[in-house]
Amino acid sequence: MKRNRDLAKGYTPEVLEEKWYADWLDKGLFNAQVDKSKPAFSIVIPPPNVTGSLHMGHAFNNTFQDIMCRTRRMQGYSVLWLPGTDHAGIATQNVVEKSLAAQGTNRHELGREAFVEKVWEWKKLYGERIITQMKKLGNSCDWQRERFTLDEGLSRAVRKVFVELYKKDLIYRGKYIINWCSRCHTALSDIEVDYDDKPGKFYYVRYPFEDGTGEIVVATTRPETILGDVAIAVHPRSEQFSTLVGVRVRVPLTDRIIPIIEDNMVDPEFGTGCVKITPAHDPNDFLVGQRHNLPQLQVIDGEGFMNEAAGKYKGMSILEAREEASKDLESQGLLVKVEEMTHSVGHCYRCGTTVEPYLSEQWFVRAKPLAERGVKAVRDGKIHWIPEQWEKTYFQWMENIRDWCISRQLWWGHRIPAWTCADCGHITVSETDPAACEKCGSQNIAQDEDVLDTWFSSALWPFSTMGWPDKTPELDYFYPTSLMVTGFDIIFFWVARMIMTGLEFMDAEPFKDVYIHSLIRDEHGQKMSKSKGNVIDPLDMIEKYGADALRMALAALSTQGRDILLSPGKIETYRFFMNKLWNAARFALMNLDDAPVENVNLFDLSLQDKWILSRVQDTVEQETAQIDAYDVGSAARMLYDFVWGDLCDWYLEMAKPALKGDEGEDRKRATQAVLDEVFKTILPLLHPFIPFVTEELWEAFGYSEETPSIMNAFWPVVKYRFNVYDDMKDLQEAVRILRNLRAEAHVAPQQWVNSAVIRVDKPETVATLQDSLSIVSMLCRVKQIDILPTATPRPGESLSSVFASGEISLSVGDILDIAAEAIRLKQELVTIEKTVAASRARLDKPDFVSRAPQEVVDKERGRVDEGLSQIARLRENLESLGVKL
RNA sequence: GGGCGGAUAGUUCAGCGGCAGAACACCUGCCUUACACGCAGGGGGUCACAGGUUCGAACCCUGUUUCGCCCACCA
């Protein structure tokens, strides 16, 4: 076995990461195989926006998926991690429009075809960029299967789904109030609107009765919509107003006459207790209008300007018209008062422009029947949410779902496959472009100008990417996928809709588990954003610390139910960890021979050998369970502690004498064998988190001769365990106490102390320490350590400390500061007396003894016994120092 | 209005029924031939508050305070 005993002193990620990624691609190790002899594990990646660049959220999300994929691969699954990108309708169109604006032109000047061509150019330019960035992270995606939501295959799936839903009457077209972004110039679905509380004004306006016998006062935040009023509504049981029902009033600023009607939607407690009804510009009013058969009078156009019906206000923007109307009302004496109020205002989730309720012809998905199946699938346990609490969020939304507006007045996207006949008005919906109207045969048909909501195609992602609507071996083998990993912010946009379409078209859930992870924020808990300037760019971090360090940091910081506050400093911590691991490996390699260590006698294994081997087994067992529970945070932290704490701080230090040959050839060989075994096991355990460095070390240790890539290494299983934890605890405690005593006595670190005495009675402890004396001696730099029974008198001129099994004294000669030592011992005495008193108090309660489990009671009794003997020893010590108690 | 999280060391967070933990930061010493991206030692906590359940509560239950998120409403 060829070992690389010449590792560089420092670990340098750049070179090795590039080298190994290229190697993995070369060997096709990420490529998924339909292999029925193996269990399948599949994930479809949440496709990032094609014009976007990789941010920390992606890095975190992808790291999580990669950890799962790499683990499952090693565990013998046939793994598919399917990557791709999303055309991101509005977002992408906006970006390209902005660049056109910078060039002094716009999409209308270009025309639809040329514009779409331009967007494709962008896609080609930037789509590749984010893929390259994902590769830098180390993603083990099957790049041969990379998909894009506007690919031909996926577009075919989109059309098929649209047509089928239309045939099932689950898609319909109609004139409704929708959310309209006048900047993006398109309809938005309800969830594409973000609401914010904003200060506004509440205008109280007089509506005089037609006959001049009185007036009714109505409050509104939007006086410009008065121009579109078609009624005033009051609550049917309102004592104050119900008598007015049927009275006709004059609409201010116009000469129109409208009726007072009654409707339950009015809250008699709010405002003045009556409401002006503007069906064309308010969703609630729209419903009232439908119930009462009222006209829909539009006064604002799609650009956000007042139209012809607005009379003198025509051409004004909404805000100008609001201002102007307010002035006019005041001058006409129709304005009672204006109050300040805060109300929530909707904004476009892509550009932030205030969203207007707008009456227009749109396409909708009838969501309720689809949602019902989605709810059932989760209730039946077909899909598990992790953490489980998100299930509630999902149910709440699905059970109150509203129809989904899917048409967008954009050019970039899947064009709606519907053709309207100019002759008979019939709409032909078809998977293939029709030549003629299916009803009258006229060739005078025109395709709908609109495209579909980008989430319509994302909703099909789990099966459209695997070749649906064709029956493919991939679908058969990898669908339903095993896991979906995403943030809670797109549960409604994406997760819920994938579930609905998956159940409807595949008749099976799209994934068995949904893991919802937290959001990444900056170190102050602020959302990262370009405008705040607090963005931590994953690529910068990779450049500075390496992809492995970034991945390890993200994994280790991840917890459930709390946002992750990230800072470069935290990533640096894990960069240090990489260096630690690297140097531990370097040390091991410096001490290993090329020849494999064979025929090691079990009797040659020391306590620490057995201990570290057992700890490795614990690590195997725990990590396997943690990964199964998707708890990568605990797994990463445990690995960190194992490597740094157990392996480096303890085992490697303890192994040094044996490796130097101080303990003989057999012990040296045994220790080498242990080192070999530890690294051979721990590297695969670390690999899912830090793939690059583990691959490099896999090769350096020579393991690649058997298994060329660590990616193909077998996931370790628990093999054996030695019952040595108690012994090791004694040993570690002895070392810690001696080191502490040295520090107390201000002995210089490099100076050897002549002698120490450990006084213990328990035969096991005596035996353990006796066996490990040379190790203790080396770790604590004490030349001579004697193990004696506790009855032996305490050595003079020494510092001492009591511990569970006895007492340890370090002879320091005349440098002993008696006064300081007395203070220290007294403090120790106080602490122990306190714990003894606490334990006694517990034991004195009869209920404790009778009700607590026996082992807890025994433990408590043990504490008292131990404490008492420690107290006795401490008193003795204090007396011998001449301290009176 | 409905729902969901969080409150533990100076800071960021683990722990979620049996003597309060880590990482940074801080203090003392150390270039001890794997690592100064390091080593050894140390200080630092009424586990937000008030009740309850329990032999026993940071942990379970009920309130309260407080920070944050989501949904609905907002004429």
Side-chain angles (χ1 to χ4, degrees), chain A residues 7 9-11 191 195 197 200 202-203 218-222 225 232-233 265-267 270-278 282 284-285 288 341-345 387 389-390 392-393 395-397 400 488-489 491-492 518-519 523 525 545 549 556-557 559-567 569-570 572-591 633-634 637 640-641 645 648-649 652-653 656 660 736 739-744 746-750 778-781 834-835 838-839 842-843 845-853 855-857 859-860 863:
Chain A
L7 280 192
K9 186 174 172 188
Y11 147 78
I191 52 176
Y195 290 92
D197 271 350
F202 211 22
Y203 302 82
V218 175
T220 178
T221 51
R222 302 192 54 191
T225 63
I232 301 290
M265 68 79 79
V266 182
D267 175 2
F270 192 87
T272 62
C274 45
V275 186
K276 67 190 209 54
I277 302 298
T278 321
D282 182 279
N284 281 319
D285 294 4
V288 175
M341 73 160 340
T342 56
H343 61 137
S344 97
V345 177
Q389 83 227 20
W390 290 109
K392 206 162 178 173
T393 308
F395 283 143
Q396 233 161 46
W397 191 71
N400 298 296
F488 58 80
D489 48 338
I491 288 178
F492 306 147
S518 8
L519 246 48
E523 55 190 315
Y545 304 117
L557 292 171
T559 57
Q560 293 185 348
R562 209 191 260 234
D563 289 340
I564 297 164
L565 273 47
L566 193 70
S567 65
K570 286 182 177 175
E572 194 180 34
T573 301
Y574 294 91
R575 168 65 236 260
F576 295 160
F577 174 70
M578 294 308 129
N579 196 246
K580 189 72 179 174
L581 176 68
W582 179 266
N583 276 288
R586 194 163 80 99
F587 172 76
L589 286 165
M590 282 165 30
N591 286 286
S634 297
R637 291 188 292 266
Y640 181 98
D641 290 343
C648 294
D649 289 347
L652 293 186
E653 291 305 322
K656 281 176 180 173
K660 249 192 268 173
R736 250 192 296 259
R739 282 171 168 172
N740 173 260
L741 292 175
R742 287 182 63 109
E744 291 290 345
H746 300 289
V747 178
Q750 65 277 19
M778 191 259 321
L779 290 175
C780 305
R781 294 193 172 228
K834 263 192 207 157
T835 65
S839 291
R842 230 165 286 168
L843 285 163
K845 285 162 93 177
D847 278 348
F848 174 69
V849 182
S850 62
R851 299 204 189 188
E855 71 215 49
V856 175
V857 176
K859 217 165 152 189
E860 212 66 60
R863 253 175 227 153

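First the proteins, then the strands, lettered A, B, ... as listed; each starts at 1.
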Categorize [X] for me: base, sugar-phosphate, or nothing, with a 4.0 angstrom heavy-atom threshold over every strand shown.
{"X": "A/Arg575", "answer": "base"}
{"X": "A/Val266", "answer": "base"}
{"X": "A/Pro853", "answer": "base"}
{"X": "A/Asn591", "answer": "nothing"}
{"X": "A/Ser567", "answer": "nothing"}
{"X": "A/Phe202", "answer": "sugar-phosphate"}

Exercise. Centre of A/Phe587's six-membered ring, under 6.0 Å away, within 45 degrees of the axis: is that where NZ or CZ of A/Lys656 sits?
Worked result: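 Geometry flag: set, cation within 6.0 Å and 45°.
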Span that lies between the [atom1] atom of [M] and that of [N], in whole angstrom:
{"N": "B/U11", "M": "B/U33", "atom1": "C1'", "answer": "37 Å"}
{"N": "B/G68", "M": "B/U54", "atom1": "C1'", "answer": "33 Å"}
{"N": "B/C31", "M": "B/C16", "atom1": "P", "answer": "42 Å"}
{"N": "B/G6", "M": "B/A14", "atom1": "C1'", "answer": "14 Å"}
{"N": "B/A25", "M": "B/A48", "atom1": "C1'", "answer": "24 Å"}
{"N": "B/U53", "M": "B/A58", "atom1": "P", "answer": "16 Å"}
{"N": "B/C60", "M": "B/C4", "atom1": "P", "answer": "15 Å"}
{"N": "B/C49", "M": "B/C59", "atom1": "P", "answer": "10 Å"}

Exercise. Considering only heavy atoms and no angle criterion, is a donor-acceptor pair shorter than 3.5 Å present between the side chain of A/Lys580 and the base of B/C37?
Worked result: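 In this structure, the two groups form no donor-acceptor pair.
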Exercise. Does the base of B/A34 carry an N or O that pairs as donor and acceptor with the side chain of A/Glu653 under 3.5 Å?
Worked result: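 Looking at the base of B/A34, it does pair with a donor or acceptor on the side chain of A/Glu653 (distance under 3.5 Å).
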Problem set entry | Donor-acceptor contact present, side-chain A/Lys580 to main-chain A/Tyr640, <3.5 Å |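 No, the answer is negative, given that no donor and acceptor are paired below the 3.5 Å cut-off.
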For this session: Kindly indicate whether the side chain of A/Phe488, heavy atoms from C-beta on, has any atom under 4.5 Å from the side chain of A/Thr393.
Result: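 No; the side chains remain at least 4.5 Å from each other.
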Looking at [options], which one has an atom nearest to any side-chain atom of [X]?
{"X": "A/Phe492", "options": "B/A34, B/G18, B/C70", "result": "B/C70"}
{"X": "A/Cys648", "options": "B/A34, B/C19, B/C30", "result": "B/A34"}
{"X": "A/Arg863", "options": "B/A34, B/C73, B/C19", "result": "B/C19"}
{"X": "A/Arg739", "options": "B/G18, B/C37, B/G41", "result": "B/G41"}
{"X": "A/Thr559", "options": "B/C71, B/A40, B/A14", "result": "B/A14"}
{"X": "A/Ala743", "options": "B/G41, B/C4, B/A34", "result": "B/G41"}
{"X": "A/Gln389", "options": "B/C4, B/C30, B/C19", "result": "B/C4"}
{"X": "A/Thr573", "options": "B/C30, B/A40, B/A23", "result": "B/A23"}
{"X": "A/Gln396", "options": "B/A34, B/C19, B/G2", "result": "B/G2"}

Problem set entry | Distance (rounded to the nearest 0.5 Å) between A/Arg586 CZ and A/Leu581 CG |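 Between A/Arg586 CZ and A/Leu581 CG, I get 13.0 Å after rounding to 0.5 Å.
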Problem set entry | Spatial distance of atom CG (A/Asn579) from atom OH (A/Tyr545) [nearest 0.5 Å] |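 One gets 13.5 Å once the value is rounded to the nearest 0.5 Å.
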Tell me which nucleotide, if any, is Watson-Crick or G-U wobble paired with [N] when both distances must be under 3.5 Å.
{"N": "B/G68", "value": "B/C4"}
{"N": "B/G41", "value": "B/C27"}
{"N": "B/C19", "value": "none"}

What is the separation between atom [atom1] on [X] and atom [atom2] on [N], rounded to the nearest whole Å?
{"X": "A/Arg736", "N": "B/G42", "atom1": "CZ", "atom2": "C1'", "result": "14 Å"}
{"X": "A/Ile491", "N": "B/G5", "atom1": "CD1", "atom2": "C1'", "result": "13 Å"}
{"X": "A/Arg637", "N": "B/G15", "atom1": "CZ", "atom2": "C1'", "result": "10 Å"}
{"X": "A/Asp267", "N": "B/G1", "atom1": "CG", "atom2": "C1'", "result": "12 Å"}
{"X": "A/Asn740", "N": "B/G42", "atom1": "CG", "atom2": "C1'", "result": "9 Å"}
{"X": "A/Arg562", "N": "B/U11", "atom1": "CZ", "atom2": "C1'", "result": "12 Å"}
{"X": "A/Asp641", "N": "B/G21", "atom1": "CG", "atom2": "C1'", "result": "10 Å"}
{"X": "A/Asp489", "N": "B/C69", "atom1": "CG", "atom2": "P", "result": "13 Å"}

Exercise. Between A/Leu557 and A/Arg781, which has a closest nucleotide on RNA chain B that is more 5'?
Worked result: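 Per heavy-atom nearest nucleotide, the more 5' residue is A/Leu557.
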Exercise. 5'-most contact on RNA chain B: A/Met590 or A/Asp285, nearest heavy atom basis?
Worked result: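 Between the two, 5'-proximity favours A/Met590.
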Exercise. Does a nitrogen or oxygen in the side chain of A/Lys9 sit under 4.0 Å from OP1 or OP2 of B/A36?
Worked result: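 For A/Lys9, the contact criterion (side-chain N or O under 4.0 Å from OP1 or OP2 of B/A36) is met.
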Exercise. Side-chain N or O of A/Lys656 less than 4.0 angstrom from OP1 or OP2 on B/A34?
Worked result: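 Result: yes.
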Exercise. Any salt bridge between A/Glu572 and A/Arg575, counting N to O under 4.0 Å?
Worked result: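 So A/Glu572 does not pair with A/Arg575 through a salt bridge.
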Exercise. Once the angle between the rings of A/Tyr11 and A/Trp582 is folded into 0 to 90°, is it parallel (under 30°), tilted (30 to 60°) or perpendicular (over 60°)?
Worked result: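 Correct class here is tilted.
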Problem set entry | Closest non-hydrogen atom pair between A/Met265 and A/Asp285, with its separation |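 Shortest heavy-atom contact: CE-OD1, 4.1 Å.
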